[in-house]
Amino acid sequence: MSPGLLQNAPAVSDDSILTLASVVEGWEDTIRFYLNGARVVIDHIDPEVTLLEYLRGIGLTGTKLGCAEGGCGACTVVVSQYNSTTKKIYHASVNACLAPLISVDGKHVITVEGIGNSKKPHPVQERIAKWHGSQCGFCTPGIVMSLYALLRNNPDPTKHDVEEAFDGNLCRCTGYRPILDAAQTFSSGGDCEKANGVNGYGGCCMQKDGKPPAGCCRNKSTKTDGEETPIKRFTPPGFIELRPDQELIFPPSLMKHEFKALAFGNKRKRWLRPVTIEQLIKIKEALPSAKIIGGSTETQIEIKFKGMNYAVSVYVGDIPELKEYSLEEDYLEFGANITLTDLEKVAEIAIKHYGPTKSQPFAAILKQLKYFAGRQIRNVGTPAGNLATASPISDLNPVFLASESTLIAQSVSEGEVKLPMESFFKAYRTTALAANAVLTKIRVPVAKEKGEFFRAYKQAKRKDDDIAIVTAALRVTLGEDNIVESAILAYGGMAPMTVGAKRAMEYLQGREWGNSEVLEGAMNALEKDFNLSFGVPGGMAIYRKSLALGFFYRFWYDTIAQLKGEVAEEIEIDQDAVTEIEREPSTGQRDQDATVTYEQRVYGKGVPHVAAMKQTTGEATYTDDIPLQRGELFGCMVLSTKAHAKLLKVDPSAALDLPGVVEYVDHNDLPSAQANWWGAPMCDEVFFAVDEVFTAGQPIGMIVAETATQASAAARAVRVEYEELPALFSMEEAIEAGSFFEHYRNIRRGKPIEEALAEADHVFTGVSRIGGQEHFYLETNATIAIPKEDGEMEIISSTQNPTEVQTYIAQVLAVPTNRVVAKVKRLGGGFGGKETRSVQLAAICAVAAKKVKRPVRCMLNRDEDILTSGQRHPFLGRWTVGVNNVGKLVALKAEVFCNGGWSQDLSGAVCERSLTHIDNCYNIPNVDVSGRICKTNTVSNTAFRGFGGPQGMFICESFMEAVADKLKMPVDKLRELNFYKEGEKTHFNQELVDWHVPIMYNQVKKEVDFDKKREEIEAFNASHKWKKRGLSIIPTKFGISFTALFLNQAGALVHVYHDGSVLVAHGGTEMGQGLHTKMTMVAAEALGVPMEDVYISETATNTVANTSPTAASASSDLNGYAIYNACEQINERLKPYREKLGPDATMKQLAHAAYFDRVNLSANGFYQTPDIGYRWGENEGQMFFYFTQGVAVAEVEIDTLTGDWTCLRADIKMDIGRSINPAIDYGQIEGAFIQGQGLFTTEESLWLRNSGQIFTRGPGAYKIPGFRDIPQIFNVSMLKDVEWKNLRSIQKSKGVGEPPLFMASSVFFAIRDALKSARREYGCDAYLELMSPATPERIRLSCADPIVKRAYVEPKEGEKAWFIEI
């Protein structure tokens, strides 16, 4: 941003300011509200502070910052108020990150701290904690508050209500299943009073089919003496009962609160809050440029991420006149600023009032709102917002256009003015609304009693909480003989504004509705209406065009079905085109008996996460929750905006002149040029760019200021001049240019590969491609750097790798490593993204702290984190496979490429692991596979759960699918035929022992009745034209160990205090995976003490030195044995006292006696993984300590008309050895599977071709799975009744964090299976090469029907797509 845009000169003329001053003269400048039951009065208000910033600023840090755009729900609070529309108290779940502080005047704000604490939790907090619904815990307070809001408004919700309550919340850890199970105990469809809810996962105590049998407690009558009595909600045994009469009351004084006009602010920013329309239009008359704020759902994003500065903002959420509604004879009228939640209720009232035919427009409104954003947004968002901003992808604007609604605007000069929707939108983001006017009302006409049909449609990347790709409202009015009297086909997402399909509308006029020739003519006209270019802004030209055609096709047959009997009888109704996919509330089961045979005093029990209750109550502390240090400053990085360029000039002078700015830091502040270099293991990256930048998002410097807002504004004011250079983005571009890192690996086994292929009966070739994946941990990277005496620096960092943070900070400070202490309390998720990339922010903050001699804090915004932290590596595999006539694999030749980004980071190890997993579970006698790392100008890609393993296995399963298709044999049979057998060796010459994949494969097929399910799916597909189902079963084996040998070590420190309490420190970090819980269990079991007597405070480099990163699914193995080793040392010292005091002596007695005998009650434990040590090139030595194994089956249904889909069912079985804690492990399995489902379906990383910057930099554009994306039936079990003869890990348990992720590819391959059926419908038997992720766009474009073919857009010469897939 140009420094000139940040000048402090008034944004409006002095005359306007004077006029505005006369309007607001005498207005109040004090905000009054209640916070957790206590009255708050603020008369000195920072006008730029959001509700979230205020809450965290006063120490209520339970409410988290996850994205700053209202897309993740981590900041959810409840705002209770008297609703002027419904005339009731409403408890609204609200995104505090978007809410301006002015919006809570006269309301009651309730945060997670206000409803309970860890000693006395609210029932919601308790159940989510004890049902294992909190892992990293960063998202948990927001989830708690969403459920709390639901129960305050509706104490008796249905199962659907419960799921819907979470549509604005995201969780990256749990896979959602345990959260939903906890929440469903509050639903009216809750479980049997005698069911063991925690362990049994619901159901009835008397039978397993989910239906209460005769005599069930849920069949009890709810009537007494003929009177209805409230249904008594089931409270699980041992849990706190939900009692609405004990909730925080709505403060009686707020019922009498007089909403007065407010005006406050400073030179930079002013807020106004009128309470009448008259006041509002006077403001607009005096200052037409004043920014009108309703829900602030778009404006706050503009301020936060686009640097917009609105000098005067007007909050209109407290004007009752803008929220009223009336049911008139011919139309429904409602206030333009009615919240979308209230509009839902009004639409329901209107449907009942007008009847099903006349209320079709209101049913369309209701349908569009069903999947519009999340509940938090609908609670504050208004229809006026999308209208006034002319959003081209609005869900409601097409409905208003198609219904020929009328907008009522009002101004001082013109009074009330009617604005017809048909002429309201003028151009992109431009409307007919006068600058001095405001929208006050919307009139939506009722439909005609006869002959009128009205439908609305929407397609997005994800079903819930997502913006539309294309949205439509289609209306036709028919006269006699079904002749079209009028037709309005309104579309969003097809043009720079909401538009009508003019050619199609004109064509339909006067023609017979139902005539197949008319359908064809209308489709031809639609093609001309939406003749998108291949490189159209927003991309997806073919898909968008196919949706426009598909929606009309669906509408056509929907109306024909309604007219059956009135149109020619010979017309065949395409009924399957009419219905859309609707999912049922999800259910699931865990096998709770899996650990019974080996359960011990502590081991094998499903105890909750040790911090779960602190997380559900908001008491758990994360890096940015730590109270401010004295004199603490805030840092904000200055990042490159170019993908590849020379740095001609970096001038921070304008930034340094801004208020609150203290310093600018860059490479000149390092002790030497060499200190600038970092990167594991190649050290090929710089902390600060010097003369050249190699990717958009590369750090150039850091601004340090008094507040985070000041630092952010100043960072944008740093002037950077570039000379752009050619840039490479995709793997294909890098391969063509020969741009690779100097890292090459291959694995060869068997005969020379060409000879082996020549001996095969069949040889098939192909290409497999899988995109990257953003980590999207809910807590972004955060660091606090605290300088101390003698060059010491204390670093509190959200890192998985404290030792590497310590090492590089010592380097940039030019001090010995012993002067730096890196500490981690807990992480709000990591998944590999904080293994190395956290070092960058920590080191830069340390340099800044040293320079200013004050503590420096920085927590990245979501977009900054995505720009700087790297992703999962995209992979490209070119393979050649040889098989014999019966399907036995003979040979594999593969060239594997991954996109490393601009620096190598861990790409070499990631590529290596992909090569070791490219066999998945299949014995291939002759193998020649090689791997290269593409060097591009994108963010440096890094570790991510699975670390190349899923990509390698994806290539494998892709060629297995290809072989099966070409041999015309069932792919599940091909897999079975080629499984390894016990004792056989992998292509890297490791013998397989404790090999259980074939056992699990057969067990899972039997449990789901696989063959019968296949028959049912084939029957379904034969009877459905546009809906297809698919089925897939996928096995996995995942090697456990760091492939870098030196990392397979761990240390631990165990203290036993003389009161018998135990303090444990180890080298692993807690990031939600339950590591501290398992390590507590290890110590408790080893020392013979209760779990509650063992405590793990933090991970710190001054307690356990030289730690390995918490990664590779090996942390429980490594740290567990290190702790066990320390405990055994202490046990040996306590042995005489156990003999003396007897077997019943407590640890307090033992420690007390030993202490007075001067016995050392501390021990330093250590462990190194035995046996391993692979040698590349020689293809010798053991690569992995063992393999975690699993099998998953998935069934999906796709809508081939739109690309929409749902996972109907998933069944997972894992061999994880003897589980230390089955509840923790089940959570890891479910969480990994859903994260994997995102990788293979919804999560698509895109770069902008015109700027080289990543486009998908937040939840608005990047779609991780939500609550209602998980399988509708989600069953998980562990392998049992087998022996692990060769397993030598702690408790004979296995690492579980990463292995389950790949099994979610079963969803991807089930989608492919369904697509094969869809293509056969139209005679297409060509091999389907489906790239991952299988987004709705890819699903739709993979179909071979006539509609998608006619939507094809031919790129012009030299024309390229809008987005780049790297």
Salt-bridge present ([X], [Y]; N to O < 4.0 Å):
X    : Y     : result
E302 : R429  : no
K458 : D466  : no
R273 : E28   : no
E69  : R1257 : no
E404 : R475  : yes

Between [X] and [Y] (side chain of the first, backbone of the second, donor and acceptor by atom type, cut-off under 3.5 Å), is there such a pair?
X     : Y     : answer
K367  : Y457  : no
K88   : T85   : no
S146  : G142  : yes
K1263 : P1259 : yes
W271  : P47   : yes

Just wondering, do N337 and I319 contact through their side chains at under 4.5 Å, heavy atoms?
no
[atom1]/[X]: more than 12 non-hydrogen atoms of other groups inside 6.0 Å:
X    : atom1 : value
K282 : NZ    : no
E25  : CD    : no
E278 : CD    : no

So Y354 and F362, would you call those rings parallel, tilted or perpendicular, with 30° and 60° as cut-offs?
tilted
Parallel, tilted or perpendicular: which one describes the rings of F334 and F400, with boundaries at 30° and 60°?
tilted
How would you list, by chain and number, every residue that makes a side-chain hydrogen bond (donor to acceptor under 3.5 Å, both in side chains) with T430, sequence neighbours excluded?
none
All pairs passing salt bridge (charged side-chain N to carboxylate O under 4.0 Å, His left out) where residues 39-51 contributes a residue, at least two apart:
E48-R268
As an exercise, state the distance from CG of L52 to OG1 of T50, rounded to the nearest 0.5 Å.
5.0 Å
I'd like a table of donor-acceptor pairs (distance under 3.5 Å, sequence neighbours excluded) in which one partner is a side-chain atom from residues 70-81, with atom names and distances.
unit_1	atom_1	unit_2	atom_2	d
T76	OG1	G73	O	2.7
T76	OG1	Q376	NE2	2.9
S80	OG	H91	ND1	2.7

